[in-house]
2 protein chains.
Amino acid sequence: MSAYRDSHGKRLIDYWRPSVAVDTAVLTVRDGRLCVAVVEKDGARRLPGTFLHEGELLADAVRRSLDLKAGIRGLAPRQLHVFDAIDRDDRGRVLSIAHMVAVPDAVLADARLEPVSSVKDLKYDHDDILKLAVDRLRAEYREAPDPAGLLPDTFTLLDLRRLHEAVDPDGIPRRDTFRRLMEPKLAATGELERGTVGKPARLFRRR
Amino acid sequence: MSAYRDSHGKRLIDYWRPSVAVDTAVLTVRDGRLCVAVVEKDGARRLPGTFLHEGELLADAVRRSLDLKAGIRGLAPRQLHVFDAIDRDDRGRVLSIAHMVAVPDAVLADARLEPVSSVKDLKYDHDDILKLAVDRLRAEYREAPDPAGLLPDTFTLLDLRRLHEAVDPDGIPRRDTFRRLMEPKLAATGELERGTVGKPARLFRRR
DNA sequence: GGAATAGTGTCTCTGAGACAGTATCAT
DNA sequence: ATGATACTGTCTCAGAGACACTATTCC
């Protein structure tokens, strides 16, 4: 069963082993709505995922699956939870190590996106993974301005506010309170937005 | 490699599979100090753990390992993180799904306990698991009175304060502030502590 | 009464929230 | 000038923290 033996030929790891998959909720904001990348396979909708290969790190497996299935690259996926229900996969015992990552809209040009507010009936326990991912992203956006870097290099406070509103429509303070919370956590560029009506807004950068 | 085949004999899951272990930081407070249960095996100190068996849930594997190695029962372990470094175990590729659980001191009568402030040089990456577990426990104790239920059924506010101080010596407010934060989250029993010097303290219960 | 511990009235400080004002642009 | 949008001065309110005072027991 195991390939590992010590110098006397004694088996060191002689245990049953489960298949291990990584499944990832890839989140973005498009048209003011929080969306998730969904793949269709054998008539069922699910999150992109793959099985862990030999000699591969979990984060690398996640990147491989996303590159393969959606042409996405250069991400920093984060672990959420291990789903281990005995019958979660009808092909046998499969542990799913759920991950999440958030990326700018443009990166997902070719992917199939669905608004998280209306996604349901994903295969396996992928609805649960999505819920964990959204909760985590919202918690992060409550703490800091655009922690996932979804905005371009420079942006106005209105841009930032609209983004945060898309991530979590509730639980966002008023315009002035929002600015007072976020501005100390941003870097001012000293430049102004141009070509807009009204007083031009200052441009900020992440720190 | 795989035992799973469909009705036509086609292999459904034909992947390399890693060994999967669960390792658990069992925390408690003894003599006013936060401690962790440590086991010694082949001359190395480590957290209690085991390999996942066929048809077994992760939480059940955790309970089995603790029952076996320390006689501990009836716990509700929680997942922390999957450690997946390629060379973390010199016997081969082993994923470790780190867990934590906190239990009353008395339950660990037979276990070997070490204060977390001085524990180091545990085998594998168990120092990292312990750090995650302690951070998690401290975060929980900042939010609620004795969330892990380490105190007996009824207790005074001083008992509670001493416990929270043991879990996290820093970041604990003054006596009166502590009470104002905790009292709304407790249930009053209407009874008083007896046989102590000074004004008798009210007894509370968790909710 | 005195020592020891429990409990509280109240002041201050800080920060979130809300409102209404002022500032600066395009047209 | 006018309308539109960005920005801010300031009031209020709530909660954390600190201090000093009162309360109740044992000796």
Side-chain angles (χ1 to χ4, degrees), chain A residues 31-32 138-147 151-207, chain B residues 29 31-32 138-147 150-207:
Chain A
D31 301 331
R138 286 182 174 155
E140 290 174 357
Y141 270 74
R142 256 176 265 126
E143 297 302 312
D146 190 21
L151 289 174
D153 190 44
T154 66
F155 49 86
T156 69
L157 283 165
L158 183 56
D159 295 333
L160 183 66
R161 188 175 156 73
R162 289 213 174 107
L163 173 66
H164 280 247
E165 206 167 359
V167 170
D168 189 2
D170 310 319
I172 190 166
R174 301 211 160 201
R175 199 168 55 99
D176 50 355
T177 301
F178 181 76
R179 189 162 43 76
R180 271 186 260 255
L181 290 177
M182 292 303 176
E183 199 171 323
K185 298 173 180 171
L186 292 172
T189 64
E191 300 186 3
L192 299 178
E193 195 182 34
R194 306 185 53 151
T196 54
V197 67
K199 177 172 175 176
R202 291 172 295 172
L203 287 169
F204 292 88
R205 205 185 298 275
R206 264 183 307 279
R207 286 199 289 200
Chain B
V29 170
D31 301 331
R138 286 182 174 157
E140 289 173 357
Y141 270 74
R142 257 176 265 125
E143 298 302 313
D146 189 21
L150 300 187
L151 289 174
D153 189 44
T154 65
F155 49 86
T156 68
L157 282 165
L158 182 56
D159 295 333
L160 183 66
R161 187 175 156 74
R162 290 213 174 107
L163 172 66
H164 280 247
E165 205 167 1
V167 170
D168 189 2
D170 310 320
I172 190 166
R174 300 212 163 200
R175 195 172 55 100
D176 50 355
T177 301
F178 181 76
R179 189 164 43 77
R180 272 186 259 257
L181 290 177
M182 292 303 176
E183 198 172 323
K185 299 172 181 172
L186 293 172
T189 64
E191 302 187 2
L192 299 178
E193 194 181 28
R194 307 186 54 149
T196 55
V197 66
K199 179 172 174 175
R202 290 173 295 171
L203 287 169
F204 292 88
R205 205 185 298 275
R206 264 183 307 278
R207 287 199 288 199

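Note that the structure is predicted; figures quoted are calculated from it, not measured. Proteins get letters first, then strands, A, B, ... in listed order; numbering begins at 1 in each.
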Whole Å only: how far is the CE atom of B/Met182 from the C1' atom of D/dG15? 15 Å
B/Ile172 CD1 - D/dG17 C1' separation (whole Å): 14 Å
Per atom distances to the B/Lys199 side chain, the nearest of D/dA18, D/dC7, D/dT24 is D/dT24
When rounded to whole Å, the CZ to P distance for the pair B/Phe178 and D/dA18 reads 15 Å
So, under a plain 3.5 Å distance rule, would you say the side chain of A/Asp176 forms a donor-acceptor pair with the base of D/dC7? no
Closest listed nucleotide, where the reference is the side chain of A/Thr177 and the choices are D/dC26, C/dA18, C/dT24: C/dA18
How many whole angstroms separate atom CG of A/Asp159 from atom C1' of D/dA6? 13 Å
Distance, nearest 0.5 Å, that separates CG of A/Leu181 from CZ of A/Arg174: 14.0 Å
Position toward the 5' end of DNA chain C (nearest nucleotide), A/Pro173 or A/Pro200: A/Pro173
Rounding to an integer number of Å, can you tell me how far B/Leu160 CG sits from C/dT5 P? 18 Å
Which comes earlier along DNA chain C counting from the 5' end, the contact point of B/Leu192 or that of B/Gly198, where each point is its nearest nucleotide? B/Gly198
With side chains defined as the heavy atoms from C-beta onward, is the minimum distance between B/Val167 and B/Glu140 less than 4.5 Å? no
So what does B/Arg175 touch, heavy atoms closer than 4.0 Å: a base, only the sugar-phosphate, or nothing? base
Nearest whole Å is fine: how far is D/dG17 C1' from B/Arg161 CZ? 12 Å
Answer whether the closest heavy-atom distance between the side chains of B/Phe178 and B/Leu160 falls below 4.5 Å. yes
Separation of A/Arg138 CZ from A/Asp168 CG (nearest 0.5 Å): 4.5 Å
Check every atom of C/dA4, D/dA18, C/dG17 against the side chain of A/Leu181 and return the nucleotide holding the closest atom. C/dG17
Rounded to whole angstroms, how far apart are CD on A/Glu193 and P on C/dC25? 13 Å
For the CG atom of B/Leu186 and the OG1 atom of B/Thr154, what is their distance to the nearest 0.5 Å? 11.5 Å
What contact category does A/Thr156 fall into here, base, sugar-phosphate, or nothing, at under 4.0 angstrom with non-hydrogen atoms? nothing
Roughly, in whole Å, what's the span from CZ in B/Arg174 to P in C/dC11? 19 Å
Is there, by distance only and without an angle test, a donor paired with an acceptor across the side chain of A/Arg180 and the base of D/dG9 below 3.5 Å? yes
